[in-house]
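First the proteins, then the strands, lettered A, B, ... as listed; each starts at 1.
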Amino acid sequence: MIETFKSVIDTLSAPTVSFTLLTLLTPLIFPPTDWFDKLNRKLGIWRLWTKPGLWAGMGFITFFFIVGYFDPNFNITLTKPDNFPIVLMVYSMFFFIWLGMKKAYINDDRLAEGLKPEEYNDPDDKVLVWPDLVYIEFISLILFMVFLIVWSILVAAPLEEPANPASTPNPSKAPWYFLGLQEMLVYFDPWLAGIVFPMFIIFGMMAIPYIDTNPKGDGYYSFKERRIGIFIFMYGWLILWLFLIVIGTFFRGPNWNFFGPFEYWDPHKVVPLNNVNLSEYLWVKMLSTGLPTNIMLREFMGFLVVFAYMFVFPILLAKTWLKDLFEKIGPIRYTTLMLFGLSMFSLPIKMYLRWFFNLKYIIAIPEWFFNI
Amino acid sequence: MSEEKITPTASVGTSTQNSENGKEMGRRGFFKWLSLGWIAFAGATGGFFTVMIRFLFPNVLFEPPQTLKIGFPNDYATNTVDIRYKKSFNIWVVRDEESIFALSTVCTHLGCTPNWLRTEGKFKCPCHGSGFRMTGINFEGPAPRPLERYKVSLSNDGQILVDKTKSFKWEKGEWENSESFLVV
Ligand code: FES
């Protein structure tokens, strides 16, 4: 029974499977359109945001960790002091998303009935900064300090031997909060995954209030009133950031190979990988001529693809699918949205290209340190 | 009703009055102190940055030797990767069917140090999983270009001399260069 559970989880956690499943599930959990909403109701997924849903979710997570604790392989990763924050993160993220969504669903129902959101009826709606808020903050601060002190007393800091550039631990993991970035680095060149994308994440989030000027849902929880925005954000935050952290923590083993959580970390696991650039696909595999010596000629296909994706595609969208949106928010907002949005979705696209076609780089000019 | 005028306390006494009786500084005094302040500030910052810049040029510079003799060609068996100099000199010495060359141990992706996996016959980077063949050519993972090679030559006493000041990049076609390998 437990063994079946373990092997099922191991199979599911293969990146192709888990990432695809989660990508398909996100629009069902956070339905961006009426169609998904209906499906969500039919499948009863909205029950996740009720009390039984909370217990079910927490129960599953706890079950998973308990089974993991008694599994000789998962135990090693799970009980590493570095990984304790991830366990906390899994719990707290689920709880806070649950809390927000629960309140949002209650308000959505109220708004549908023509009532005001719950927050308007709350007698404690307004609290005085002094003494109420300051006291709450002060007590939280003390409790948190106690927690940190107890934690640091109970668990020794995971220090290692002095750094030595000639020997890198295998696997070499960044601090847990950077593991999402490290995972991106598997698919992109350092200048993109290490510099451009982190900057885009920060600037993109700063741009949200300027792009999404929807005045609804201000001051109260609600899902329906900005469901597309919430859906996109949740996909980026939960799947493209937190899930990548979980992958990096629990599923990446020696030589940065994938391992199921209950799998033995075999340093000699051989994964057949042979990555090929787009230019090699075009010139060597399809046209069976050698790579041209002219760099621009060699890579023209890649430039074409990137140009089409970043520039032609948004124009087409503005003419067809997103016509209303384009007219509503105007060219500047639309361009900004597309720049950040398309960059964000380039990550899953690139991941799938790597998994299914062993595609390394779309544009590969190592001579200029320019690879996309 | 008394004709009392309400004067804000702050405006009691004007600055000219005060400077006249010498308690507060006048316009000239103000500029004097201002210039003094700025000069002191400029001096302090200037001194600080001078010291800082001086700090960038250390008195003693520890530089590991850039050239190393690594023994005779016959010390290396055919089709092997020698990892003895990985730690001390950051090179792998590889001998294939016809030549000996020195590969840099810096992964071309983000600079971690890969490991040589003998059974799989490849270098594998533990950071993001790049793989390189024995020749140094990248074939898996994100590394965009092959490992770099260093200049190798035979010294007078017949030993192999590796010179790390000169490196050869495959993507620039430099591996053709006869200095990048040693024919054996
Ligand atoms: S540093 Fe070697 S794969 Fe990234």
Side-chain angles (χ1 to χ4, degrees), chain A residues 163-174 178-179 181-195 248 252-258 266-277 280 291 293 295 298 350 354 358-361 363-372, chain B residues 62 64 68 82-93 103-133 136-148 164 167-176:
Chain A
N164 172 4
S167 77
T168 324
N170 190 7
S172 273
K173 294 195 178 182
F178 279 150
L179 281 174
L181 284 182
Q182 191 170 359
E183 201 54 38
M184 287 208 296
L185 276 163
V186 175
Y187 305 96
F188 286 101
D189 207 35
W191 70 272
L192 266 176
I195 298 167
R252 287 291 197 179
N255 300 327
W256 213 248
N257 279 327
F258 263 109
D266 178 8
H268 294 289
K269 175 175 176 175
V270 179
V271 185
L273 283 171
N274 211 337
N275 296 327
V276 181
N277 292 324
E280 287 157 356
L291 286 179
T293 36
I295 294 176
R298 189 183 76 199
K350 195 79 195 291
R354 177 70 64 82
N358 283 326
L359 182 84
K360 184 157 64 177
Y361 290 117
I363 300 178
I365 312 183
E367 294 90 338
W368 304 342
F369 298 97
F370 184 80
N371 308 283
I372 291 178
Chain B
F62 173 71
L68 188 73
D82 191 294
I83 58 171
R84 267 179 302 165
Y85 297 100
K86 178 181 168 187
K87 208 169 194 151
S88 55
F89 201 57
N90 294 333
I91 55 163
W92 287 297
V93 184
L103 284 176
S104 143
T105 60
V106 178
C107 178
T108 51
H109 179 232
L110 213 55
C112 290
T113 309
N115 298 305
W116 168 246
L117 308 179
R118 194 149 49 97
T119 35
E120 287 89 348
K122 65 181 179 188
F123 300 99
K124 186 80 173 157
C125 185
C127 289
H128 316 92
S130 285
F132 304 87
R133 297 198 194 288
I137 298 280
N138 56 324
F139 70 100
E140 62 179 6
R145 54 200 187 90
L147 296 172
E148 291 180 10
K164 288 214 298 182
S167 66
F168 298 90
K169 298 190 176 90
W170 174 86
E171 67 275 13
K172 299 226 166 113
E174 291 169 348
W175 285 9
E176 307 287 309

Between chain B and each of A:Asn275, A:Val276, A:Asn358, count heavy-atom pairs under 4.5 Å; write down the option with the most. A:Asn275
Top residue by heavy-atom pair count (under 4.5 Å) with chain B, among A:Lys360, A:Lys173, A:Arg252? A:Lys360
More than 12 foreign heavy atoms under 6.0 Å from [atom1] of [X]: is that the case here?
{"X": "B:Ile137", "atom1": "CD1", "value": "yes"}
{"X": "B:Trp116", "atom1": "CH2", "value": "yes"}
{"X": "A:Phe178", "atom1": "CZ", "value": "no"}

In terms of heavy-atom proximity below 4.5 Å to chain A, should [X] be classed as side chain, backbone, both, or neither?
{"X": "B:Thr105", "result": "neither"}
{"X": "B:Arg118", "result": "neither"}
{"X": "B:Glu120", "result": "side chain"}

Quick one: what part of [X] sits under 4.5 Å from any heavy atom of chain B, side chain, backbone, both or neither?
{"X": "A:Asn277", "result": "neither"}
{"X": "A:Phe188", "result": "backbone"}
{"X": "A:Pro171", "result": "both"}

Quick one: NE2 on B:His128 to CD on A:Gln182, what's the gap to the nearest 0.5 Å? 4.5 Å
d(B:Ser130 OG, A:Asn255 CG) to nearest 0.5 Å is 11.0 Å
Closest non-hydrogen atom pair between B:Cys127 and A:Ser172, with its separation: SG-CB, 3.6 Å
What heavy-atom pair brings B:Lys172 and A:Glu367 nearest, and what distance separates the two atoms? CE-O, 4.4 Å
Take B:Lys124 and A:Trp256 through the test side chain to side chain contact (heavy atoms under 4.5 Å, CB included) and record every step on the way to the result. CA-CA 9 Å; B:Lys124 186 80 173 157; A:Trp256 213 248; over 6 Å; no
Using modelled atom types and a 3.5 Å cut-off, is there a donor and acceptor pairing between side-chain atoms of A:Tyr361 and backbone atoms of B:Pro142? yes
If you tally heavy-atom pairs under 4.5 Å against chain A, which of B:Lys86, B:Glu140, B:Lys169 wins? B:Glu140
